[in-house]
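The structure appears below as structure tokens.
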Amino acid sequence: MSAASPIRWPAEAIWEAVSPLLPGFTVEVLPTIDSTNTELMRRARNGQCEPTLLVAEQQTAGRGRLGRVWQSDVGASLMMSLGLPLAPQDWSGLSLAVGVSVAESLQPVLPALGADQPARVGLKWPNDLWLGGAAGDRKLGGILVETASFVAPQAASAATASASTARYVVVGIGINVLPRSAEGMSMPPGSLQDVEPGLDAPTALLRIVPPLVAMLQSFEGYGFGPMQPRFAARDVLQGRAVTLSDGHTGTAHGVGDDGALLVHTAGGMQAITSSEISVRPTAVPPV
């Protein structure tokens with residue numbers, strides 16, 4: 001699919017798969033918008049808290065973590081936000097759980113390492129999809145989770161409606177579909193074409209959304225703990241030297257059952273949980 005080709009989105013197929021799980025669920029596809037996350041958060045603040053999948057063919061002000069801009073052209077990226085009422089007992093590790101779900105949907109089985117193998121879809125704490133393999137590290141996409149307090153609508157589940165922790169959660173996902181220029185970037189971007197030639201945005205969307213909804217409902221009851229081993233299988237920082245944005249260095253030792261990054265520093269093991277901490281590997285390991 002070229003960037004200029006008309007895009008045929010599987011809205012009906014997604015609705016049929018998800019609506020039994022989320023009564024009142026709707027799917028919207030817009031040709032352009034400032035940001036799908038921003039739009040769903042606007043609606044939530046205005047009292048519109050129905051389960052909604054919002055897909056944009058182009059974003060003019062897409063946002064990533066820490067306010068970073070996510071630029072995109074029509075057909076070159078998958079840009080979506082899923083909004084729904086949610087009331088987990090513990091919100092810790094939600095973005096990591098989303099990453100696990102998305103990565104497993106795009107690549108259910110991790111290929112073996114090797115020059116003739118496709119890129120491996122991994123996860124970089126706390127919310128990035130990464131590609132690893134013979135071509136080195138490349139960022140495939142990112143996840144932005146936001147929440148808004150609200151009065152649970154009548155259609156929400158009994159647990160959600162009665163729980164004091166109920167919020168409207170917006171899960172934003174941006175994934176490179178077509179190869180992008182690395183100009184001006186600290187790391188060359190990866191794309192779905194590196195994972196599976198011919199994989200386009202509509203196909204990826206259909207793969208991602210139904211399992212994501214099921215995972216979020218499971219997270220509501222069980223939290224991140226059951227997802228921890230699945231995150232570990234794709235953890236690209238495990239065992240690597242990392243530099244924290246506060247200047248400290250150490251070695252990453254996976255994540256705890258609350259989703260905190262465990263880093264062994266000169267001062268001992270630290271559990272990193274702050275959303276303002278940025279972690280980057282200090283070196284690329286040999287393949």
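All values below were derived from every heavy atom in this structure, side-chain atoms included, with hydrogens, water molecules and symmetry-related copies excluded. All figures in this text were calculated on a predicted structure; none of them were measured in a lab.
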Any [X] side-chain heavy atom under 4.5 Å of [Y] side chain:
{"X": "V98", "Y": "M215", "answer": "yes"}
{"X": "I14", "Y": "L205", "answer": "yes"}
{"X": "F231", "Y": "L123", "answer": "yes"}

Problem set entry | Contacts of type salt bridge (Lys or Arg N to Asp or Glu O under 4.0 Å), residue E196, not counting sequence neighbours |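 Result, salt bridge (Lys or Arg N to Asp or Glu O under 4.0 Å) vs E196: R207.
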
Out of curiosity, [X] [atom1] to [Y] [atom2], how far, rounded to the nearest 0.5 Å?
{"X": "L131", "Y": "D194", "atom1": "CG", "atom2": "CG", "answer": "5.5 Å"}
{"X": "K139", "Y": "K124", "atom1": "NZ", "atom2": "NZ", "answer": "7.5 Å"}
{"X": "W9", "Y": "T203", "atom1": "CH2", "atom2": "OG1", "answer": "9.5 Å"}
{"X": "L212", "Y": "I173", "atom1": "CG", "atom2": "CD1", "answer": "5.0 Å"}
{"X": "E104", "Y": "I208", "atom1": "CD", "atom2": "CD1", "answer": "12.0 Å"}

Would [X] and [Y] pass as an ion pair if we require N to O under 4.0 Å?
{"X": "E146", "Y": "R42", "value": "no"}
{"X": "R8", "Y": "D200", "value": "no"}
{"X": "R240", "Y": "D235", "value": "no"}

Which heavy-atom pair separates [X] from [Y] by the least distance, and what is that distance?
{"X": "A204", "Y": "L106", "value": "CB-CD2, 4.0 Å"}
{"X": "V209", "Y": "M80", "value": "CG2-SD, 4.1 Å"}
{"X": "L140", "Y": "S191", "value": "CD1-C, 3.5 Å"}
{"X": "S81", "Y": "V170", "value": "CB-CG1, 4.0 Å"}

Problem set entry | Pair Q59-T36, side-chain donor/acceptor within less than 3.5 Å |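 Distance-only check passes for Q59 and T36.
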
Exercise. Does the D90 side chain pair with the main chain of S92, one donor and one acceptor, at a distance under 3.5 Å?
Worked result: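 Here the side-chain-to-backbone pair exists.
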
Exercise. Can you tell me if N176 uses its side chain to pair, donor with acceptor, with the backbone of L178 under 3.5 Å?
Worked result: no

Problem set entry | Residues that L262 engages under side-chain contact (heavy atoms from CB on, under 4.5 Å), provided they are two or more places apart | H253, M269, A271

Problem set entry | cation_pi(R234, W130) dist<6.0 Å, angle<=45 |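 Pair R234/W130 does not count as cation-pi.
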
